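Below: the structure, in structure tokens.
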Amino acid sequence: MGKFIIVDHPLIKHKLTNIRKKETKTKDFYENVQEIGSLMAYEISRDFPLRDVEIETPICKTVQKELAQEIVIVPILRAGLGMVDGIRSMIPSAKVGFIGMYRDETTLVPVEYYAKFPNDVTSSIVLLVDPMLATGGSAIAAVTNLKARGVKNIKYVGLVAAPEGVKALQKAHPDVDIYTASLDERLNEDGYIIPGLGDCGDRLFGTK
Ligand code: PRP
Ligand code: URA
């Protein structure tokens, strides 16, 4: 079974409270999501493999460490985009791929409408980014899509997860590590997370 990690840090908790407040406006909402993304990058990258590299300091030659594997950030459009720049600020060498997916509002079944990945995605560590893990349908479909393209090393990164979504993702893809800033109580009858933060895509991009 992959890891399930709630990234627990006072700054993350504080910023998460900011974005849960219904009065928080688009600009502040977006900035706080980016900042949580950067803070989470530290924990997500904890077990990234390193390799030796010979370099020269102003004083002498020395063998030091550098990241051994390419990192690809794959946001699920739209809401996943909100965390990309924050993670990139910590891992600037990361490449970015995209999966577009929306939940059919009546059936809650995810529908894929776009996919574009860097060429070397199969040998990379893929950070699949989507702030909300509700029923888990979108994340499960995105992981299935990535695996069908040959990706082996996938970590899901989100902000707010419902227990139902965590369970479903673990069941469908037990090899995927799950990182979230919060594990909330449950889903409501419309598939929204309680207490959650509402519709993340709309709040990030001001569409409602
Ligand atoms: C939201 C969210 C996730 C999905 C989570 O996307 O960004 O992708 O719902 O729900 P699930 O776990 O039940 O699949 P939405 O369909 O609202 O699209 P958007 O990002 O374009 O707003
Ligand atoms: N997607 C969201 O944006 N919010 C939820 O609470 C559930 C799914």
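Whatever order the structure lists ligands and atoms in, that order sets their numbers, starting from 1. If you're wondering where the values come from, they're calculated on a predicted model, not measured in any experiment. All values below come from the heavy atoms of this structure, side chains included, with hydrogens, waters and symmetry mates left out.
When the options L187, I140, T135, I193 are ranked by their closest heavy atom to atom 13 (O) of ligand 1, first place goes to T135.
The G201 neighbourhood of ligand 1 comprises atoms 22 (O), with distances under 4.0 Å to a heavy atom of that residue. Close approach of ligand 1 to G136 (heavy-atom distance below 4.0 Å) involves ligand atoms 11 (P), 12 (O), 13 (O). Within the listing of ligand 1, atoms 16 (O) sit less than 4.0 angstrom from a heavy atom of Y102.
Using a 4.0 Å cut-off between charged side-chain N and carboxylate O, K155 and D175 make no salt bridge. At a threshold of 4.0 Å, the pair E56-K61 does not count as salt-bridged, since none of the basic side-chain nitrogens sits closer than that to a carboxylate oxygen. Ion pairing between a basic and an acidic side chain is recognised when a charged N comes within 4.0 Å of a carboxylate O; D52 and K65 show such pairing.
Closest protein heavy atom to atom 4 (C) of ligand 1: S138 OG, 3.5 Å. The closest protein non-hydrogen atom to atom 10 (O) of ligand 1 is R103 CD, 3.1 Å. Nearest protein neighbour of atom 17 (O) of ligand 1, counting heavy atoms only, is D199 OD2, 3.8 Å. Summary of contacts: the protein heavy atom closest to atom 2 (C) of ligand 1 is D130 OD1, 3.6 Å. For atom 5 (C) of ligand 1, the closest non-hydrogen atom of the protein is M132 O, 3.4 Å. Remark: minimum distance from atom 21 (O) of ligand 1 to any protein heavy atom is reached at R78 NE, 2.9 Å.
Nearest heavy-atom pair across D177 and K3 is OD1-N, 2.8 Å. Of all non-hydrogen atoms in M101 and P110, the two that sit nearest each other are CG-CB, 4.1 Å. The minimum heavy-atom distance linking I193 with V160 is given by the pair CD1-O, 3.6 Å. In this structure, A79 and L204 approach most closely via the heavy-atom pair O-CD1, 3.3 Å. Taking every heavy atom of both residues into account, V7 and E43 meet most closely at CG1-CB, 3.8 Å. Heavy-atom minimum distance, I19 versus R203: O-NH1, 2.8 Å.
When only interatomic distances are considered, the shortest N/O to N/O separation between A134 and ligand 1 falls below 3.5 Å. At under 3.5 Å, a nitrogen or oxygen of A79, whether backbone or side chain, sits near a nitrogen or oxygen of ligand 1.
For R20 and S182, the side-chain atoms include at least one donor-acceptor pair closer than 3.5 Å.
Listed as neighbours of ligand 2 are R103, M132, A134, G191, Y192, I193, G198, D199, C200, each bearing a heavy atom under 4.0 Å from the ligand.
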N/O donor-acceptor pairs under 3.5 Å from side chains in residues 124-138, not counting sequence neighbours:
from, atom 1, to, atom 2, distance (Å)
S124, OG, D120, O, 2.8
D130, OD1, M132, N, 3.3
T135, OG1, G137, N, 3.1

Problem set entry | Steps toward side chain to side chain donor-acceptor pair (under 3.5 Å) verdict (R78, T207) | CA-CA 11 Å; R78 293 172 302 165; T207 38; 3.0 Å; yes
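Remark: atom 19 (P) of ligand 1 lies closer than 4.0 Å to at least one protein heavy atom.
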